[in-house]
Each structure stands twice: as C-alpha cells, then as structure tokens.
Amino acid sequence: AADGLDHFLVVEAGEPVGAGDETTLTLVLHQNAGALRTIGRFRLAATTDPLPVAAEPGPSPGKELVDSAARDRASRTREEQEALTRFFRRVAPELAPARAALRAAELRKADLVGEMPQSLVTRRQEPEPVRVLARGNWLDETGEIVEPAAPHFLPRLETDGRRATRLDLARWLTSPDNPLTARVFVNRQWKLFFGEGLSSTLEDLGSQGEWPTHPELLDWLAVEFAEGGWDVKRLVRTLVTSATYRQTAQASAELAGRDPYNRLYARQSRRRLEAEMVRDNALAISGLLSTTVGGTPVHPYQPKGYWAHLNFPPREWDDSAGEDQYRRAVYTWWQRTFPHPSLLAFDAPPREECVGERTRSNVPQQALALLNDPTYVEAARVFAQRIVREGGARFEDRLRWAYERALGRAPGEDEARILRELLGRHAREYRADPAAAHRLVRVGFSAPPADAEKVEVAAWTSVARAILNLPELITRP
C-alpha cells in the first residue's frame, strides 16, 4: 500500500451472516503503523448483494473518471486529463516496478525524516495591526496603528516604503551608520579575555552605561571588526596576540594599589573560569574530553531525582553513554529552570531570562562539586591511571608529570610533602579495604585497564582529586 492513496478491502462471508431482521457487525481495527501513518478517512459499508465484487481488486476509477475517459481527449478539461493520468499511473501494470521503487523511496525518506531533530517554524501570515495603547490598556483598540521602525533619534530603517521585516532590522543593526552593535560585541569580547570590559556596563552600553576607559581603543576595535566582515575569529586573534593580553597577572604592590581593579590594563587579570570551562578543563587534563563538534544535547552525570519536581509531563534524566558523556559542557541538556547542578555550582545562570554578565561567587559548594561530582571523580581516576602509566616509577617523577600536565609547572616543596603524605595515608587505607579501592576505580562509565593495580590507582586518584581541586586549576592567570 502507498501513503496518500485510496485503498479498500472487500470481505465476502463464506456463510450467510445473521438470521433475523437486524444484524450487528463488529469490526476491530488495530492501528500499528505509527503516528505518522494513520488512516485519514475510514468508512464501512455492507451489502446483501450475492456478487459484491464486480471487478478485480484495485483502485476504483469512479463514475466521473469513467465518463471523462469515454469522451474524446480534445473535449476533456485539463483537470480531467490530469485525474486520468494519475489513475493510469496507479494501475498500469507496466509501471508496477516504478511504483514499487517510489514506495520504497518514500518509506526510506519517512524513516530518515523521523530521525531528524525537528524545529518549530512559523509560517508567514499577514501581521496583526499594532496600536499605541491608551495607558497600556491592551483591550483598547482605538489607538493609532504603528508600523515597525527604529527610534526616531537613531538612523532610519531603509525599506523603500514597504513594511520593515526582520531582515531589514538585521541589516540596520550591522549598517555602517550604526556603530553601536560592533562596540557592544567587542566590549563583551574584551571582557571575556581581560575580565572587565572597556566599559564595565555590558548590558546597556551607551549613554546610560559607564564611559569606556579607553574610548579610542573601543572605537578602533569596533571599526576593525565591522570592516573585517564581522569575523569573530579575527577579532579573537587580535586580542590574544596583543601585548596587553600577553602580560603577566603578577602585579607589584605599587601597581595593585594604584589600579586595584586593573582598569588601566597594566597587567593581566586573575579570574575563575566559567562554569562550562571548569568541567571541560578537568576532562581535558584527564584525556576524557570529546572534541567532536555539533550534534544533539547530551546528559552528563546528574543526581537521581533532581527533576523530581518537574511535571507536565514528569521526566527522567538518563545519563549519556560512550563519547556523549564526555562532550563539552556547551552540549549539556539544559532544562530552563533546572540547569545542571554542577554548572549551577559555578554560577551558570538559569535560562529564565537573558543576562549580559554572570555573577562570580566563591562558595564551599564549588569545592564539594570538584571533589565529589561523578564527572570530576572519574576525571581524577583516569588522570591517576595516566600518572601511574606515563609518569615514571618514582613518586617525584609522577608528581612532576601530573603538575606539568595540569598546571604547567613543577610542584613546590610543601606541595610535594603534603601530597606524599596524602598518597601514603590513602594507600594504607585502601590496602586495608580493597573493596573501597574497587568502588573508587569503578566510578564512571570508562572502565579501568584490566591490568591496573586497583589500590595504587585509587591512592593516586586521591592525589589527582586534590590537584583538580586547586584554586589555581580553575583560575585563569
């Protein structure tokens, strides 16, 4: 059977049905073709004719088609000829292979489309009139009808007299006559790399915001960005290769006292990484991070029952498996009022409203997340496996390898002494309790090597957890 075509079934009873004046027939129909293939119009008919089938089963032409076929072709209308052509394509024996191939292609297309992510699309319709509301009363329809336009003190939307569209707005925003868009964007990019914008007001840059500390620099960057084709990578390259960006974050007491907030940019700024980067950094150090670009959202480890208060409908969180578990944090499934708790601990905002700048806190929950969240525990365990396998045989060599991998420097004497004591204490505990060591090395979906010495890996996992919890690791120098 083919979708979108008429089908019928004739059932002839082998024996007479019913013996009285009135007979009730019950039909049970099982619809199991899926939601995308349902019967559009279902009809039943019964007859007492002893020979109800007058021809071979197949599509019925109907009286109108029979009448038009009986007439000369020159006397048929265009619609009648097209109807006859469609009917011929459905029944002609010589076209049976083509119909079978078309049907198979339609089924493959339906399966393919069913697997594709769907996006809601609003079809174009005539816009509703927008009026000036009398004292904000949206029930009052006596106000003047207004058309889409820019505020009168800004450049006009050029539309050649027609109604403005969103495309017109986009062109107006990026017009050379409107430098504000480029200024706002480069100011936010500057904030990402220097910790503070040239104007600290990210949300409302303009006459209501803080005057830029370096207005000429802001203007130059904005012009370079716009005239460079709005190339974000080019802008980022300009910022990170500048002498200002490549400065050290260490400041003398005199400089820190003269410019405590570094608004003169005589040094780099120390600041904690964004929530998504904290997680990605730990996974990258361990070697677990997946750098695959694009794809559907993923579900990193999340506490059971975190969505218990969501309803309409109730839903469950199923942890992603395989590579999807280690995708970058930007691909994490985000429920608007229930952001991932690990990201929330590091000040990722809920998506109930847009924000121009995130808050930055320093609370104990962050250390607890770094120590106990399954993502960070698994990252520490895999990092420990690499320390044991690639760091050498001696404690000093392994610790140096771990520090260079995670922090890009060698450990200090006090750090080495403290971590040596930590390693020894936990090694003794895990030797006394091998089951605890086994539980620790089994955290997460990534399986430890079969030949790994569990007590040794578990003890070094404690060291790796301590390293991944250092403020230096989640702070951008």
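Model, not experiment: these values are computed from the prediction.
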Which pairs would a plain distance check flag for residues 222-230, meaning a side-chain donor or acceptor within less than 3.5 Å of a matching protein atom at least two apart in sequence or in another chain?
residue: Glu224; atom: OE1; partner: Arg234; partner atom: NH2; Å: 3.4

Problem - Minimum side-chain heavy-atom gap Thr296-Trp333 below 4.5 Å - result: no

Handout entry: Summary of salt bridge (Lys or Arg N to Asp or Glu O under 4.0 Å) pairs that have at least one residue in residues 364-385, sequence neighbours excluded
Key = none

Handout entry: Distance-minimising heavy-atom pair for Leu344 and Ala348
Key = CD1-O, 3.6 Å

Problem - Any donor-acceptor N/O pair, Arg246 side chain to Ser242 backbone, under 3.5 Å - result: yes

Practice task
Go through the structure and list residues passing side-chain contact (heavy atoms from CB on, under 4.5 Å) with Pro179, not counting sequence neighbours.
Solution key: Arg183

Problem - Sole candidate of Tyr326, Trp317, Trp307, Trp334 that passes ring-ring contact (aromatic ring centres under 6.0 Å, His included) when paired with His299 - result: Trp317

Exercise for the section: Apply side chain to side chain contact (heavy atoms under 4.5 Å, CB included) to the pair Ile474 and Leu370, showing each step before the final yes or no. Expected result: CA-CA 10 Å; Ile474 64 172; Leu370 291 175; 4.2 Å; yes

Handout entry: Residues, nucleotides or ligands: over 12 heavy atoms within 6.0 Å of Arg73 CZ
Key = no

Exercise for the section: Please assess Phe185 against Leu235 for the test side chain to side chain contact (heavy atoms under 4.5 Å, CB included), listing each intermediate value before the final yes or no. Expected result: CA-CA 10 Å; Phe185 188 85; Leu235 172 62; 4.0 Å; yes

Handout entry: side-chain hydrogen bond (donor to acceptor under 3.5 Å, both in side chains) partners for Glu274, two or more places apart
Key = none

Handout entry: Backbone N/O of Phe194 and side chain of Ser269: donor-acceptor pair under 3.5 Å
Key = yes

Problem - Which residues share a ring-ring contact (aromatic ring centres under 6.0 Å, His included) with Phe445, sequence neighbours left out - result: Tyr301

Handout entry: Side-chain touch Thr475/Leu273, heavy atoms, less than 4.5 angstrom
Key = no

Practice task
Would you please test Glu203 and Glu357 for side chain to side chain contact (heavy atoms under 4.5 Å, CB included) and show each step?
Solution key: CA-CA 7 Å; Glu203 302 91 342; Glu357 185 173 8; 4.0 Å; yes

Practice task
Among residues two or more places apart or on two chains, list those pairs meeting side-chain hydrogen bond (donor to acceptor under 3.5 Å, both in side chains) that have a residue in residues 138-151.
Solution key: Asp140-Thr142, Glu147-Arg163

Problem - No-hydrogen, no-angle side-chain donor-acceptor test under 3.5 Å, Ser75 and Asp72 - result: no

Practice task
Would you check if there is a donor-acceptor pair between the side chains of Thr159 and Asp168 at a distance under 3.5 Å?
Solution key: no

Problem - Set of residues satisfying side-chain hydrogen bond (donor to acceptor under 3.5 Å, both in side chains) with respect to Glu82, sequence neighbours excluded - result: Arg78

Practice task
Quick one: pull up OG in Ser290 and CG in Asp280 and give me the separation to the nearest 0.5 Å.
Solution key: 10.5 Å

Handout entry: Result of checking Thr181, Asn178, Leu167 against Trp172 for side-chain contact (heavy atoms from CB on, under 4.5 Å)
Key = Asn178

Exercise for the section: Check the surroundings of atom NZ in Lys454: do more than 12 heavy atoms from other residues, nucleotides or ligands lie under 6.0 Å from it? Expected result: no

Exercise for the section: Please say whether more than 12 non-hydrogen atoms of neighbouring residues, nucleotides or ligands are located less than 6.0 Å from CG in Asn372. Expected result: yes

Completion exercise
Only residue of Leu95, Leu84, Leu102 satisfying side-chain contact (heavy atoms from CB on, under 4.5 Å) with Arg89 is Leu95

Completion exercise
Residues at least two apart in sequence or cross-chain that pass side-chain contact (heavy atoms from CB on, under 4.5 Å) with Glu196, listed by chain then number, are Ser200, Arg263, Tyr265

Handout entry: Close side-chain approach of Asn469 to Tyr376, heavy-atom, < 4.5 Å
Key = no

Exercise for the section: Indicate the atoms forming the closest heavy-atom contact of Arg279 with Ala329, along with that distance. Expected result: NH1-N, 3.6 Å

Handout entry: Glu80 side chain vs Thr77 backbone, donor-acceptor pair below 3.5 Å
Key = yes

Exercise for the section: Provide the full list of salt bridge (Lys or Arg N to Asp or Glu O under 4.0 Å) pairs with a residue in residues 127-137, sequence neighbours left out, each pair given once. Expected result: none

Exercise for the section: Name all pairs fulfilling the salt bridge (Lys or Arg N to Asp or Glu O under 4.0 Å) condition that reach into residues 321-330, sequence neighbours left out, sorted by first residue then second. Expected result: none

Problem - Salt bridge flag under 4.0 Å for residues Arg405 and Glu390 - result: no

Practice task
Please lay out, stage by stage, how Val363 and Gln366 fare under the test side chain to side chain contact (heavy atoms under 4.5 Å, CB included).
Solution key: CA-CA 6 Å; Val363 294; Gln366 295 169 356; 4.0 Å; yes

Handout entry: side-chain hydrogen bond (donor to acceptor under 3.5 Å, both in side chains) involving Ser320 - partner list, sequence neighbours excluded
Key = none

Handout entry: Donor-acceptor pair, side chain of Tyr245 and main chain of Phe193, under 3.5 angstrom
Key = no

Exercise for the section: For the pair Arg272 (side chain) and Ser361 (backbone), establish whether a donor and an acceptor sit closer than 3.5 Å, ignoring hydrogens and angles. Expected result: yes

Handout entry: Residues in side-chain hydrogen bond (donor to acceptor under 3.5 Å, both in side chains) contact with Arg237, at least two apart in sequence or another chain
Key = none

